[in-house]
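Notes follow the structure.
Residue numbers run from 1 in the order of the sequence given. Computed from heavy atoms alone, side chains included, the values below leave out hydrogens, waters and symmetry copies.
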Amino acid sequence: MFDPKEHPHRRYNPLTREWVLVSPHRTRRPWQGQVEETPANARPAYDPGCYLCPGNSRAGGEENPEYTSTFVFPNGFAALLPGETAAGAAAADPFFQMEPVTGICRVICFSPRHDLTLAEMSVAEIRPVVDCWAEQTAELNSTPGIGYVQIFENRGEMMGCSNPHPHCQIWASSVVPNEVAKEDAAQAEYFHAHGRTLLSDYLERELEKGERVAAVNEGFAALVPFWAVWPYEVMIVSRRAVAGIDDLSGGERDSLAAILKTVTTRYDNLFRAPFPYSFGFHQRPAKGGEGWHLHGHFYPPLLRSAVVRKFLVGYEMLAMPQRDITAEWAAARLRELPETHYRNPGECRMRDAAR
Ligand code: H2U
Ligand code: ZN
């Protein structure tokens, strides 16, 4: 008898149309690999040496204003550069295809406070960040030459984050990038066939089942998707089928702020340490985008402690991604964690009260 809690199996991701191998029997395997140093977590509210703190100078010499909420600036080391995409510049040879890519890269500081993170900001402090994402999405989507607006946050040194000051990046490109193109095709096809978004139907089933739901509020749900690759991967999905962050109502923006706080707080509480991840939204491209349903992906590398991480290597590079703990087991662990941060349970509420 096949038991998915015990027996190796593969699961299908309908958004990317790829499979993931699940090996639940392997969680008893001994570990003798890398042990990473736990990052120190005491930081000052203002760091005179930080490129992102209010009033300081950035690497290119520009001075940050004395900002009090969010702050957006052009990335001084942008991977994409603005410009006209020269017509006919694409090379037609099938073996040597290339084409110019243009775009706009920006950085968004979440808060003037150097020592905060999304987990340690209050919901009222995260809400302006959501509004900023919505404004940036709307502005960049209507900028000529922009095809897709990717918002993402690298958190923690383990994920290559260059500065602990709470911030994220936007890369708005002339092209629709790979991961988004896969989800675009799958969502459009599903919508044509069923007249509903793929994620509305998936979310409805997950909310009925409950076993992979980590948190839910009025506007958003957080789940460990059935097809998760990373041990504690989480997907947040809007309960209403909206295509982009800029389509969210005021109430839904509050819900998004709240669920982001819940997920990041529980992440930190999992190993009682700052929890690294890459997070980002997937939303409709600037043009077309039929069947799109706004969602965010958290891809955290940690597996068994604050220092034991998962690598996507070997079989995963050459064949297919693989996980040991099941999505259901990870969701149950996240669900049972407290919603108050292990470091300062009362601090956000005190800041809110003082506002
Ligand atoms: P990451 O921590 O995810 O690397 O994001 C920080 C970004 O901020 C990074 O892309 C930019 C870097 O290029 N940056 C500036 O534009 N100016 C600075 O003075 C420091 C960092
Ligand atoms: Zn700072």
Side-chain angles (χ1 to χ4, degrees), residues 15 52 69-80 82 101-111 116-119 121 125-143 145-156 159-163 165-184 187 199 219-220 222 233-238 242-248 252-261 263-264 267 276-287 289 292-300:
L15 275 174
L52 307 182
S69 177
T70 59
F71 169 53
V72 186
F73 66 89
N75 195 317
F77 308 90
L80 297 163
V101 180
T102 56
I104 296 168
C105 296
R106 293 177 179 162
V107 178
I108 305 177
C109 295
F110 294 158
S111 161
L116 294 183
T117 60
L118 284 181
M121 288 165 71
E125 288 167 332
I126 299 172
R127 171 61 198 271
V129 178
V130 174
D131 289 333
C132 182
W133 289 331
E135 280 160 28
Q136 291 291 316
T137 296
E139 182 209 316
L140 290 164
N141 270 336
S142 59
T143 300
I146 294 301
Y148 187 73
V149 179
Q150 182 60 59
I151 297 171
F152 65 97
E153 178 193 9
N154 294 320
R155 187 187 168 206
M159 294 311 289
C161 177
S162 60
N163 184 323
H165 195 112
H167 69 280
C168 73
Q169 299 194 43
I170 306 179
W171 293 20
S173 58
S174 55
V175 296
V176 176
N178 300 355
E179 292 306 310
V180 183
K182 285 188 259 179
E183 294 195 358
D184 184 54
Q187 291 182 100
L199 286 180
F220 278 82
E233 180 174 331
V234 162
M235 181 164 74
I236 56 171
V237 186
S238 63
V242 300
I245 305 183
D246 47 334
D247 295 335
L248 294 173
E252 287 167 332
R253 292 178 190 203
D254 287 335
S255 288
L256 176 53
I259 208 135
L260 286 170
K261 179 169 174 67
V263 171
T264 54
Y267 271 166
Y277 57 74
S278 275
F279 169 76
F281 291 102
H282 278 156
Q283 53 180 342
R284 80 167 120 50
K287 288 176 206 75
W292 263 92
H293 191 132
L294 171 68
H295 59 282
H297 296 283
F298 279 96
Y299 297 133

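For the pair Arg127 (side chain) and Arg253 (backbone), a donor-acceptor distance under 3.5 Å is absent. Tyr267 contributes no side-chain N or O that, together with a main-chain N or O of Pro276, makes up a donor-acceptor pair within less than 3.5 Å. No donor-acceptor pair under 3.5 Å is formed between the side chain of Thr70 and the backbone N or O of Val129. Proximity of a side-chain donor or acceptor of Glu139 to a complementary backbone N or O of Glu135 within less than 3.5 Å is not detected.
A distance of 6.5 Å separates CG of Asn154 from CD of Gln169, quoted to the nearest 0.5 Å. The distance from atom CD of Glu125 to atom OG of Ser69, rounded to the nearest 0.5 Å, is 9.0 Å. Distance check: Leu116 CG to Phe110 CZ gives 11.5 Å after rounding to the nearest 0.5 Å. To the nearest 0.5 Å, the span separating CD1 on Ile245 from CG on Asp131 amounts to 10.5 Å. Put simply, NE2 on His167 and CZ on Phe73 are 7.5 Å apart, with the number rounded to the nearest 0.5 Å. Rounding to the nearest 0.5 angstrom, the gap separating the CD atom in Gln136 from the CD1 atom in Ile108 is 5.0 Å.
Considering all non-hydrogen atoms of both residues, Leu80 and Cys105 come closest at N-SG, 3.6 Å. Between Ser173 and Val175, the shortest heavy-atom distance links the atoms OG-O, 2.6 Å. Minimum heavy-atom separation, Val176 to Gly147: CG2-O, 4.0 Å. Shortest non-hydrogen contact noted between Tyr148 and Pro285 is CD1-CA, 3.7 Å. Across Ile146 and Lys287, no two heavy atoms sit closer than the pair O-NZ, 3.8 Å.
Counting heavy atoms from C-beta on, the side chains of Ile151 and Gln283 come closer than 4.5 Å. Using a 4.5 Å heavy-atom cutoff, the side chains of Val263 and Phe220 are not in contact. Here the side chains of Leu118 and Arg155 are not in contact, with every heavy-atom distance at 4.5 Å or above. Within the 4.5 Å cutoff, the side chain of Leu294 has no heavy atoms near those of the Asp247 side chain. Under the 4.5 Å side-chain criterion, counting only non-hydrogen atoms from C-beta, Pro82 is not in contact with Thr102. Between Pro177 and Trp171 the shortest side-chain heavy-atom distance does not fall below 4.5 Å.
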Q | side chain to side chain contact (heavy atoms under 4.5 Å, CB included) assessment of Thr264 paired with Thr117 | A | CA-CA 9 Å; Thr264 54; Thr117 60; over 6 Å; no
Q: Could you please spell out the steps behind the side chain to side chain contact (heavy atoms under 4.5 Å, CB included) verdict for Met121 and Lys261?
A: CA-CA 8 Å; Met121 288 165 71; Lys261 179 169 174 67; over 6 Å; no
Q: Might you work through the side chain to side chain contact (heavy atoms under 4.5 Å, CB included) test for Leu199 and Leu15, ending with a clear yes or no?
A: CA-CA 9 Å; Leu199 286 180; Leu15 275 174; 4.2 Å; yes
Q) Under the side chain to side chain contact (heavy atoms under 4.5 Å, CB included) criterion, do His295 and Glu183 qualify, and how do the steps go? A) CA-CA 11 Å; His295 59 282; Glu183 294 195 358; 2.8 Å; yes
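Taking the six-membered ring for Trp and thresholds of 30 and 60 degrees, His282 and Trp292 have ring planes more than 60 degrees apart, a perpendicular arrangement. Below 30°, between 30° and 60°, or above 60°: for Phe279 and Phe281 the angle between ring planes is above 60°, a perpendicular geometry.
Every side-chain contact (heavy atoms from CB on, under 4.5 Å) that Asn141 has, sequence neighbours left out, goes to Thr137, Val149, Arg284, Ala286.
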